[in-house]
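One structure is given here, and the rest of the page talks about it.
Both ligands and their constituent atoms are indexed starting at 1 by order of listing.
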Amino acid sequence: MFINGEHVGAASGATTEVHNPATGAVVDTVPRADAEDTRRAIDAAAAAFRAWSKLPPTKRAHILEHAARTVRAGLEDVARLLTSEQGKPIRDSRIEAERCVENIEIYAGMVRGGVLAGKQVPLPAHNAMGLVVRRPIGVVGAIIPWNFPLTLMANKIAPAMAVGNTVVVKPASTTPLATLRIAELLADGGLLPGVLNVVTGPGAVVGEELIRNPLVRKIGFTGETGTGKEVARSAAGELKHVTLELGGSDAAIVCDDADLDLAARTVAIGRFFNAGQACLAVKRVYVFDSVADAFVEKIAARAKRLKLGSGTDESAQMGPLHTDKQRLEIEAQLADAVSRGGKVVAGGNRPAGEEFGAGYYFEPTVVVDVPDDARVWTEETFGPLLPIRRVSSLDEAIALANSSEYGLGSSIFTRDMARAQRAIDELDAGYTWVNAVQIAHDELPFGGTKHSGYGKEHGTEVLDYYTEQKSVVFAS
Ligand code: NAD
């Protein structure tokens, strides 16, 4: 683990193995922390908070920018670790590692540029002046899932540290290695001890301690909706600030006036990137009847063309699923769809071939004619499985899109501004892409509605979730 600028083991000496999803082989072992180990990290973060938060923002920015440069020098190593523990293709790991360090630079740049400035407010009282100032919150607990271990960590630690908070990160038990490497590189680059700590161990132990410990004032959580609800319940006891980035089942609507090639290309990226293991991912398609056959043909062709391979294969476009459990879940959701009458038009199997034997591979899969009560419509599908349904109107498409309990992302493909405007106004989601690839841009606030959670990451808006505002009155 990485606590107060040092590598440490669990006090008990316990460890957990980290496995490679492409081979099942053990990549490394990491400490298995208990509550006492977690308290050590929280205490280190609390001790570092005073000095870190008191630094002028420009000085903090300077330290973070300097540390980020050291991370940049080690990015290839970070990317290789990420592929070995997560399974994703190396070129995607490089992008993820790059985006992680970029985020640290972006928020350092923002505070250097004065984004933390408050405001002066005229008051009616005689000789009185009002101010609104921003303060960091304190120690932040960042709880991260395994699908994008680095970018989802960066979404939290970058703004949190830039505004003066200190952080304890808890990576998913299956993806701690690249995270630990980033923390080490930041420390090598001059980040002060205790500002960023990483504790490895089970969510129910380490996560729970972070959530219940009164020294932790804010929890940034990304993970499943069920876990997020538990987090919210536990955090209520200490009235903690909580940001919850949870599950999603993003709908894409393809209208009869859409550019079908663009729609097929975009939906294929939106569904199969990261082997479909993304919160923001096209998980349901509603396509207008008159163009449905043509669209299905195009997307099925794209699914069949995707090159599966081990993450270390430079030409692989899709790696294995992260665990066998993930694959079994996708297979069960597909079996449910097929048992209700669904027809598989691409994929549907574990790929044949010796090179796929030991990994958790599953073909990019497209299924049609699935009734509305099937699991693929009502649950989150966290893998390369895409159901497509025909609709007769935009009204029907929007109603079906909104019938999910989730509200993370959404998209529409149309050339008609009036239809796009209806989607923007009526789709229950934190994001709507119009004719665009489902990418979360650093510049725009990101976060869901309904059971996809609350709070925002990215943009300047995230700063509202890592600072508290204080009102001040000066009287003379
Ligand atoms: P998960 O909820 O199982 O785990 C997430 C993290 O929470 C892990 O670090 C885990 O150890 C920890 N945890 C588990 N139980 C805990 C507890 N009781 N208290 C505190 N922490 C606990 O999620 P996962 O399977 O790792 O990730 C996949 C899920 O994450 C999907 O549902 C996906 O949609 C969602 N996700 C959401 C976003 C978003 O930004 N909205 C992004 C990525 C993933």
Side-chain angles (χ1 to χ4, degrees), residues 16 18 21 30 32-33 35 38 85-86 88 96 99 141-156 168-176 179 198-213 216 219-237 240 242-250 273-283 321-323 325-327 329-330 333 379-383 404-410 429-431 438-440 444-458 462 465:
T16 308
V18 179
V30 290
R32 186 180 170 84
T38 312
E85 63 182 342
Q86 206 286 336
K88 64 183 70 191
E96 181 166 351
R99 280 178 63 87
I143 303 178
I144 318 294
W146 49 261
N147 58 339
F148 294 100
L150 299 184
T151 45
L152 297 173
M153 170 176 71
N155 290 353
K156 298 161 185 60
V168 179
V169 175
K170 193 214 96 59
S173 299
T174 51
T175 53
T179 301
V198 180
V199 180
T200 53
V205 178
V206 176
E208 195 62 22
E209 179 61 29
L210 283 175
I211 296 163
R212 291 191 183 272
N213 192 305
V216 179
I219 294 290
F221 174 85
T222 301
E224 281 180 15
T225 292
T227 322
K229 288 179 183 175
E230 276 178 44
V231 169
R233 269 192 291 272
S234 300
K240 274 179 200 185
V242 180
T243 296
L244 296 174
E245 298 287 2
L246 309 178
S249 181
D250 301 356
F273 182 64
N274 214 39
Q277 303 164 117
C279 54
L280 277 179
V282 178
K283 294 175 183 154
L321 293 182
H322 183 54
T323 59
K325 183 166 160 266
Q326 283 303 125
R327 183 168 63 173
E329 182 72 5
I330 283 297
Q333 287 171 322
E379 298 175 2
E380 179 176 38
T381 51
F382 216 60
S404 166
E405 69 177 28
Y406 295 108
L408 200 55
S410 58
Y431 236 113
Q438 282 214 205
I439 291 174
L444 293 173
F446 159 63
T449 181
K450 302 201 289 188
H451 286 215
S452 293
Y454 45 74
K456 294 292 177 196
E457 295 188 335
H458 296 300
V462 67
Y465 297 89

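- A donor-acceptor pair is defined here as one N or O able to donate and one able to accept, closer than 3.5 Å; no such pair exists between the side chain of Lys88 and the backbone of Ala275.
- Of all the heavy atoms of Leu152, the ones lying under 4.0 Å from any atom of ligand 1 belong exclusively to the side chain.
- Contacts between Leu408 and ligand 1, counted as non-hydrogen atom pairs separated by less than 4.0 Å, involve the side chain only.
- Residue contacts with ligand 1 for Ile143 involve side-chain atoms from C-beta outward but no N, CA, C or O (heavy atoms, distance under 4.0 Å).
- From the protein, the heavy atom lying nearest to atom 23 (O) of ligand 1 is Glu224 N, 3.3 Å.
- In this comparison of Gly248, Gly203, Gly228, Gly247, the heavy atom closest to atom 19 (N) of ligand 1 sits on Gly203.
- In terms of protein heavy-atom proximity, atom 18 (N) of ligand 1 is closest to Glu230 OE1, 3.3 Å.
- Considering Phe221, Phe382, Phe446, Tyr406 only, the shortest heavy-atom separation from atom 33 (C) of ligand 1 involves Phe382.
- Only the side chain of Ile211 comes within 4.0 Å of ligand 1, judged by heavy-atom distances.
- Under the rule for a salt bridge (Lys or Arg N to Asp or Glu O under 4.0 Å), the partners of Lys450 that lie at least two apart in sequence or sit in another chain are Asp428.
- Under the 3.5 Å distance criterion, the side-chain polar atoms of Lys283 are left unmatched by any main-chain donor or acceptor of Glu380.
- Taking 4.0 Å as the cut-off, Ala172 counts as a neighbour of ligand 1 on heavy-atom distance.
- Ring orientation note: the planes of Phe382 and Trp146 are nearly perpendicular, at an angle over 60° on the 30°/60° scale.
- Of the protein's heavy atoms, Glu380 OE2, 2.5 Å lies nearest to atom 34 (O) of ligand 1.
- Between the side chains of Gln277 and Gln326, no donor N or O sits under 3.5 Å from an acceptor N or O.
- Contacts of Glu457 with ligand 1, taken as heavy-atom pairs under 4.0 Å, are absent altogether.
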Do any side-chain atoms of residues 219-227 form donor-acceptor pairs under 3.5 angstrom with protein atoms, and if so which ones, sequence neighbours left out?
unit_1: Thr222; atom_1: OG1; unit_2: Lys156; atom_2: NZ; d: 2.7
unit_1: Thr225; atom_1: OG1; unit_2: Gly247; atom_2: N; d: 3.2
unit_1: Thr225; atom_1: OG1; unit_2: His451; atom_2: O; d: 2.8

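- The nearest protein heavy atom to atom 11 (O) of ligand 1 is closer than 4.0 Å.
- Thr179 contributes no side-chain N or O that, together with a main-chain N or O of Leu150, makes up a donor-acceptor pair within less than 3.5 Å.
- Checked against Glu457 for a side chain to side chain donor-acceptor pair (under 3.5 Å), the options Thr243, Thr151, Asn155 give a single hit: Asn155.
- At a heavy-atom cutoff of 4.0 Å, ligand 1 is contacted by the backbone of Leu246 but not by its side chain.
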